[in-house]
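Only one structure is covered here, and it is reproduced in the block below.
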2 protein chains.
Amino acid sequence: MKTYRSYAAGDTILWRGEPLEFVASVVSGVAALSKTLEDGRTQMVGLLLPSDFIGRPGRRQIEFDVTATSEVTLCCFERRPFERLVEETPNVAQRLMELALDELDAARDWMLLLGRKTAREKIATFIEMLARRSNPDGTADPSRLALPMTRDQIANYLGLTLETVSRQFSALKKDGIIDFTDRRSFTVTDLAALHDETGDDADGGIVP
Amino acid sequence: MKTYRSYAAGDTILWRGEPLEFVASVVSGVAALSKTLEDGRTQMVGLLLPSDFIGRPGRRQIEFDVTATSEVTLCCFERRPFERLVEETPNVAQRLMELALDELDAARDWMLLLGRKTAREKIATFIEMLARRSNPDGTADPSRLALPMTRDQIANYLGLTLETVSRQFSALKKDGIIDFTDRRSFTVTDLAALHDETGDDADGGIVP
DNA sequence: CCCCAACTTTGACCCAGATCAACGTATGCC
DNA sequence: GGCATACGTTGATCTGGGTCAAAGTTGGGG
């Protein structure tokens, strides 16, 4: 009833429209949801990290491709028993609802980024997201970071080209905001300056 | 326990971060969810049509502004009794889940549009969406359509400027694909040609 | 160890769409 | 009815980021 599957970086896990016989949760690695136009332009529309979920109650297929960004291990369940579980246990249904709402919030931030931010703001936002994710509490040294994907994948994530991504990384380095140790890992030299580059509102609304 | 509220076009219904004492469903009119950067650039991140819902179980505030695009009437419930209702009736919880997943699918299509489509493709996609919405079955004459918003709002929706929106409408008119009867309503002269301009994949995946 | 393929950087150039500006055209209010 | 205001169109110009091209870098396999 519960099986594990592994995928190498770059593998396609699911094609758009493929009937979903399983639901799965990510055990390790990073997978991406993406959509493609008829001429091949693609845009990532979601990122799956460990504990994230593929497949939804009542949906028999998905409207996007799922590919492994790094090596990925999934924990898969058959759809039927899973749906029975959801119907019988309100807590599970509620948890799935929370996951969906979190994804929706993330999608909306991402829409603001795609529609209105400049290339530099997109890269700064991306780095800040990495920093926050790898250091949720703001306690430990947040400066050393590893890029979880190639320039090309970052471009797909941010609605840019890989050349622009590369140039913006170089520019942030030249401006003393980040510093590369090797091409997949770097340190954030000036976190406050980085935040100033994101274009984001100082912070949230009315609450004190 | 159930009250109605009305808002004029342009009114702000809720500010980002404002504590949510009510949940509501749209009775009539169109409302928009939008996010703003520190320098004032804004991007719509959701559109609320009649029967759509504001407020989520377990969320006490929202991360975006809600404004009335046209005159809007909401049907409001107090949050507490509503949450009790959700907990007690699985059908309601399930329905809310479906709404959230539909919004998520819509958000992902929109991300593809914002990140990768050209101005012309964005406008064509927008018009096609209007056509589909006002004529869900493809039966009646789909050609006569009314724009539910100003050029400025359309630009905010599509991640463009109002000038570009205006120019693209003019271009589609010049190319004989649409024809304006007045500046808020037009007919689609050539639906197939319109679809060819959207950039969208012919249609979906593997299913026959 | 070296070579090959995949990834990355950098440069030169171009163009879609933003910006700035000016001029129509509806709509409601006095 | 006429004026004020918001909305819309069109033109001229500028520019951020895309495109094309070429030259580094690096890590894994033979």
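In the text below, chain A, chain B and the rest are named by the order of the sequence lines, each starting its count at 1.
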For [X], I'd like to know if atom [atom1] has over 12 heavy atoms of other residues, nucleotides or ligands within 6.0 Å.
| X | atom1 | value |
| --- | --- | --- |
| A/E98 | CD | yes |
| A/R184 | CZ | yes |
| A/E71 | CD | no |
| B/R59 | CZ | yes |

Please tell me if A/S166 has a side-chain N or O lying less than 4.0 Å from either OP1 or OP2 of C/dT9.
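For C/dT9, OP1 or OP2 has a side-chain N or O of A/S166 closer than 4.0 Å.
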Considering just the side-chain nitrogens and oxygens of B/T118, establish if one lies under 4.0 Å of OP1 or OP2 belonging to C/dA16.
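Negative; the distance criterion is not met.
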Heavy-atom check, side chain of A/R167 versus side chain of A/T161, under 4.5 Å
no
Report yes if the side chains of A/V66 and A/T12 come closer than 4.5 Å at any heavy-atom pair, otherwise no.
no
Could you list by number each residue of residues 149-158 of chain A showing a heavy-atom separation from DNA chain C of less than 4.0 Å, or answer none if no residue does?
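Contacts with DNA chain C under 4.0 Å: A/T150, A/R151.
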Using whole Å, what does the distance between atom [atom2] of nucleotide [N] and atom [atom1] of [X] come to?
| X | N | atom1 | atom2 | result |
| --- | --- | --- | --- | --- |
| A/K174 | C/dT9 | NZ | P | 15 Å |
| B/Q168 | C/dA16 | CD | P | 10 Å |
| B/K122 | C/dG17 | NZ | P | 8 Å |
| B/L162 | C/dT19 | CG | P | 10 Å |
| A/R184 | C/dT9 | CZ | P | 11 Å |
| A/I123 | C/dT9 | CD1 | P | 11 Å |
| A/L160 | C/dG17 | CG | C1' | 16 Å |

Can you give one letter per nucleotide of nucleotides 20-30 of chain C, going 5' to 3': B for a protein heavy atom under 4.0 Å from the base, S for sugar-phosphate only, - for none?
B---BBS----
Which class fits the ring pair A/F169 and A/F186: parallel under 30°, tilted 30 to 60°, perpendicular over 60°?
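Rings of A/F169 and A/F186: tilted, as their planes differ by 30° to 60°.
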Mind checking A/G10 for me? I need base, sugar-phosphate or nothing, with any heavy atom below 4.0 Å counting as a touch.
nothing
Sort and list the pairs that fulfil ring-ring contact (aromatic ring centres under 6.0 Å, His included) and have at least one residue in residues 105-133 of chain B, not counting sequence neighbours.
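Applying ring-ring contact (aromatic ring centres under 6.0 Å, His included) to every pair that reaches into residues 105-133 of chain B, excluding sequence neighbours, yields B/W110-B/Y157, B/F126-B/Y157.
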Pairs in or reaching into residues 37-78 of chain B: which pass ring-ring contact (aromatic ring centres under 6.0 Å, His included), with residues at least two apart or in two chains?
B/F53-B/F82
For residues 41-55 of chain B, which residue pairs qualify under side-chain hydrogen bond (donor to acceptor under 3.5 Å, both in side chains), counting only residues two or more places apart or in two chains?
A/E121-B/R41, B/D39-B/R41, B/T42-B/N156
Nearest non-hydrogen partners of B/R79 and B/L20, listed with the distance:
NE-O, 2.9 Å
Can you give me the first and the last nucleotide of DNA chain D (5' to 3') that has an atom within less than 4.0 angstrom of a non-hydrogen atom in chain A?
D/dG17 to D/dT26
